[in-house]
Structures are given as structure tokens and as C-alpha cells.
Amino acid sequence: MDCKLIHIDETDSTNRYCKDCVLLHPKENLLVATDYQTAGKGCGTNHWESERDQNLLFSLLWHPDGLKAGRQFYISMAVSQALKSVVSRYCRDEVKVKWPNDIYVGDRKICGILIENQLKGDSIKQSIIGIGLNVNQTRFVSDAPNPVSLAQLTGQELDREQLLRELAQSLGHHLDMLGSASAEHALYEDYLDSLYRVHKDCLYRFPDGTERECRLEVVYEDGRMALSWQTEKESQTDRQVGIFAFKEVQFVI
């Protein structure tokens with residue numbers, strides 16, 4: 001995937017910056033990186049904490065070729081696998097993907113992803129893929145429960161420019177897989193194998209605030225996940241199953 005790199009010292013949000021670039025670059029793929037975000041976003045209303053010049057904050061403006069809207073979760077799978085593969089080169093601990101696409105090392109979050117797709121008819125016109133990767137920051141002061149950085153894991157400061165080049169190459173490779181049935185199947189299988197807490201009984205919180213011990217059984221190709229749980233009247237092999245979209249249920253970390 002050909003991609004033009006743009007570096008800016010500071011912006012409110014690289015995703016927002018990419019949105020402004022759409023009219024100027026209607027067909028060109030762009031990777032916009034910054035040293036500091038004044039209003040970096042996570043999913044929903046979440047804020048992404050990052051010290052100036054310490055981490056990688058960037059967004060990819062990508063124009064898929066004929067990717068149908070119904071398969072847009074494949075972008076999320078491709079991006080999470082691309083990031084996982086690079087982070088794994090630097091970590092001895094196991095790297096996993098927390099549904100739908102957070103990158104975890106052990107039980108700690110090292111990378112967040114925010115993907116915003118624009119549709120045209122039944123296809124994806126463009127995708128803006130925002131990524132925040134904790135690299136050299138060693139002190140976190142927000143109320144995020146479990147952040148970690150590569151520097152904390154490795155005990156050394158990393159070259160952010162080199163790391164960005166590795167990530168750009170991995171993103172290009174994985175996104176280029178989309179459109180090939182066999183490659184997409186392999187990507188989906190890899191994603192399932194990478195899932196955090198899969199097939200384990202863990203605590204989940206539901207929209208009404210209640211918490212229940214459930215087991216993540218599978219994530220479907222459209223991004224929904226299937227949870228199972230046991231009621232008092234049921235045996236271990238006879239469980240209730242529910243299907244949930246993003247934000248309808250969350251892990252209790």
C-alpha cells in the first residue's frame with residue numbers, strides 16, 4: 001500500500017486532521033503523525049493520555065478498493081493484527097487483542113485504536129484509522145486503570161521513528177490482505193487466536209450496570225461477540241448465550 005507521511009508537531013486530533021485532508025486528497029492514502037494531541041480521543045467519550053514526544057500518535061487515511069460495508073470489521077481485525085505483530089517483537093509477555101481491537105500485554109493496555117469509516121452506497125469510501133501506542137512514557141496520571149508502555153516492558157527507550165516505519169509497513173501488509181477470500185479467512189482465524197480472555201470465565205458489565213461471570217465463545221465476522229453464562233438451574237454444559245455489539249457489554253478489568 002502506497003502511503004504519504006505527514007508529520008505535524010501538534011494537533012487536536014490526528015483523526016480530525018485526516019478528515020480535513022479528505023477533500024484535498026480524495027484518493028491518496030495518508031499517514032498523519034504528531035508529537036502531541038490536545039484532544040486525543042479513544043472510543044466514545046474516552047480521552048487518550050499521552051505525554052509530548054513520548055509515544056506514537058497517528059492516523060491512517062485509507063481508501064479501500066471495493067470493500068463492502070458489511071465487511072468493515074475486517075479493517076479492525078487487520079489493524080489489530082498489524083499492531084500485535086509489531087508489539088510482539090518487543091515484548092516477552094504474550095500480546096493479545098481485547099475485543100474489539102485494543103492491544104494488551106498481559107492484563108495491561110498498550111495501544112488503542114479508533115476507526116471511523118465513511119460509506120458510499122454499500123461500500124466503504126474511506127477509513128480513518130487512529131492509533132495511540134504507548135512507547136516511552138513511564139508515568140501515567142489519568143484514571144485509565146491499566147496502561148503500560150514499551151519502555152516499561154523493555155526497560156529501555158525506543159526509537160519512535162523506526163517503530164513508526166515498522167508499524168506503517170505492517171499496516172500496509174495487513175490491509176492489503178483485504179479483498180482476497182483466502183487471506184481474509186486466514187486473518188479472521190488469526191484474530192480469533194489472538195483474543196484476550198477467550199474461552200475463560202471472566203466478569204463482564206452490562207448496560208444496566210449489573211455484572212456477570214461470562215465466557216467469550218467467539219467473535220463473528222461482523223464484529224459482534226457471543227458470550228455464554230451459567231444460571232443456577234443449568235449445568236456447566238447447558239449455558240445461556242447472548243450476542244453483543246460493541247459498547248453493549250464490557251470487560252471488568
What is the ring orientation for F246 with W99, classed by angle as parallel under 30°, tilted 30 to 60°, or perpendicular over 60°?
-> perpendicular
What do you reckon, is NE2 of H185 surrounded by more than 12 foreign heavy atoms closer than 6.0 Å?
-> no
Inter-residue atom distance D176.CG - M1.CE, 0.5 Å rounding = 6.5 Å
Got a second to check how far T11's OG1 is from D20's CG, nearest 0.5 Å?
-> 8.0 Å
Atom pair CG (N134) and CG (L56), whose distance is rounded to the nearest 0.5 Å | 9.5 Å
Under the 3.5 angstrom rule, does the side chain of R108 hit a backbone N or O of P147 as a donor-acceptor pair?
-> yes
Any side-chain heavy-atom pair of L167 and F58 under 4.5 Å | yes
Is any side-chain heavy atom of R71 closer than 4.5 Å to a side-chain heavy atom of E184?
-> yes
All heavy atoms of L83 vs all of I113, minimum pair found to be CD1-CD1, 3.4 Å
Check ion pair E248-R224 (N to O, under 4.0 angstrom) = no
Please examine the side chains of I115 and S127, heavy atoms only from C-beta on, and report whether any two atoms are closer than 4.5 Å.
-> yes
Do C91 and L150 come close enough that some side-chain heavy atom pair is under 4.5 Å?
-> yes
Would you please indicate if the ring centroids of Y191 and F73 are separated by under 6.0 Å?
-> yes
Could you check L133 against V87 for side-chain contact (heavy atoms from CB on, under 4.5 Å), going step by step and ending with a plain yes or no?
-> CA-CA 9 Å; L133 174 65; V87 172; 4.1 Å; yes
Among the clusters formed by ILVMFWY side chains lying less than 4.5 Å apart, do L216 and Y220 turn up in the same one?
-> yes
Inter-residue atom distance E28.CD - C3.SG, 0.5 Å rounding | 8.0 Å
Using a 4.5 Å cut-off on heavy atoms from C-beta on, say whether the side chain of K98 contacts that of F251.
-> yes
Return the minimal non-hydrogen interatomic distance between Q54 and V135, and the atom names on each side.
-> O-CB, 3.6 Å
Check whether I6 and L163 end up in the same hydrophobic cluster, where Ile, Leu, Val, Met, Phe, Trp and Tyr are linked by side-chain heavy atoms less than 4.5 Å apart.
-> no
Any donor and acceptor pair, going by atom type alone, linking the side chain of S170 with main-chain N or O of A82 inside 3.5 Å?
-> yes
Where do T231 and Q240 land on the side-chain hydrogen bond (donor to acceptor under 3.5 Å, both in side chains) test, with the steps shown first?
-> CA-CA 7 Å; T231 67; Q240 295 280 342; 5.2 Å; no
Measure across R239 and R215 and return the closest heavy-atom pair with its distance rounded to 0.1 Å.
-> NH1-NH2, 3.4 Å
Do E10 side-chain atoms and T34 backbone N/O form a donor-acceptor pair below 3.5 Å?
-> no
Is the shortest heavy-atom distance from the side chain of Y204 to the side chain of L227 under 4.5 Å?
-> yes
Those residues at least two apart in sequence (or on a different chain) that pass side-chain contact (heavy atoms from CB on, under 4.5 Å) with Q169 are none
Are D35 and R52 close enough for a salt bridge, meaning some N to O gap below 4.0 Å?
-> no
Apply side-chain hydrogen bond (donor to acceptor under 3.5 Å, both in side chains) to the pair E166 and Y90, showing each step before the final yes or no.
-> CA-CA 12 Å; E166 292 181 37; Y90 294 88; 2.7 Å; yes
What is the ring orientation for F244 with W229, classed by angle as parallel under 30°, tilted 30 to 60°, or perpendicular over 60°?
-> tilted
Got L30 and L60 here, is their nearest side-chain heavy-atom distance under 4.5 Å?
-> no
side-chain contact (heavy atoms from CB on, under 4.5 Å) between N29 and D2, intermediate numbers included = CA-CA 7 Å; N29 299 320; D2 293 329; 5.5 Å; no
Are any side-chain N or O atoms of N117 and backbone N or O atoms of I124, one a donor and one an acceptor, separated by less than 3.5 Å?
-> no
Just wondering, more than 12 heavy atoms not from R139 lying within 6.0 Å of its CZ?
-> no
Examine I75 and L61 and state if one hydrophobic cluster contains both, with Ile, Leu, Val, Met, Phe, Trp and Tyr joined whenever side-chain heavy atoms are less than 4.5 Å apart.
-> no
Do the rings of Y196 and Y104 sit parallel, tilted or perpendicular, given the 30° and 60° boundaries?
-> tilted
For E211, does the CD atom sit with more than 12 other heavy atoms under 6.0 Å from it, leaving out its own atoms?
-> yes
Treat each ILVMFWY residue as a node, draw an edge where side-chain heavy atoms are under 4.5 Å apart, and state whether L158 and I131 are in one component.
-> yes
Counting N and O atoms only, with roles assigned by atom type, does the side chain of R160 sit under 3.5 Å from a partner on the main chain of N55, one being a donor and the other an acceptor?
-> yes
What are the two closest heavy atoms between M77 and L187, and how far apart are they?
-> O-CD1, 4.1 Å
When rounded to the nearest 0.5 angstrom, what is the spacing between CD in Q250 and CG in L203?
-> 10.5 Å
Given the rule in the side-chain contact (heavy atoms from CB on, under 4.5 Å) test, do K19 and Q118 qualify, once you have shown the distances and angles that lead to the verdict?
-> CA-CA 10 Å; K19 291 175 185 176; Q118 182 177 351; over 6 Å; no
How far apart are the C-alpha atoms of Y74 and E221, what are their side-chain angles, what is the distance that settles it, and do they pass the side-chain hydrogen bond (donor to acceptor under 3.5 Å, both in side chains) test?
-> CA-CA 7 Å; Y74 271 88; E221 292 175 87; 2.3 Å; yes
Nearest atoms (heavy-atom pairs only) where I103 meets S80 = CD1-O, 3.6 Å
Evaluate side-chain contact (heavy atoms from CB on, under 4.5 Å) for L195 paired with V218, printing each intermediate quantity in order.
-> CA-CA 9 Å; L195 283 171; V218 71; over 6 Å; no
Side-chain donor/acceptor of N101 to backbone N/O of G112, under 3.5 Å | no
For R16, does its backbone N or O pair with a side-chain atom of S13 as donor and acceptor, under 3.5 Å?
-> yes
Examine V22 and L5 and state if one hydrophobic cluster contains both, with Ile, Leu, Val, Met, Phe, Trp and Tyr joined whenever side-chain heavy atoms are less than 4.5 Å apart.
-> no
For D12, does its backbone N or O pair with a side-chain atom of Q37 as donor and acceptor, under 3.5 Å?
-> no
Got a donor-acceptor contact below 3.5 angstrom from the Q152 side chain to the S149 backbone?
-> yes
Would you indicate whether D208, at its atom CG, is surrounded by more than 12 heavy atoms from other residues, nucleotides or ligands within a distance under 6.0 Å?
-> yes
Any side-chain heavy atom of R197 sitting closer than 4.5 Å to one from I253?
-> yes
For N15 against L114, the heavy-atom pair lying closest together = ND2-O, 3.5 Å
Got a second to check how far D201's CG is from H199's NE2, nearest 0.5 Å?
-> 12.0 Å
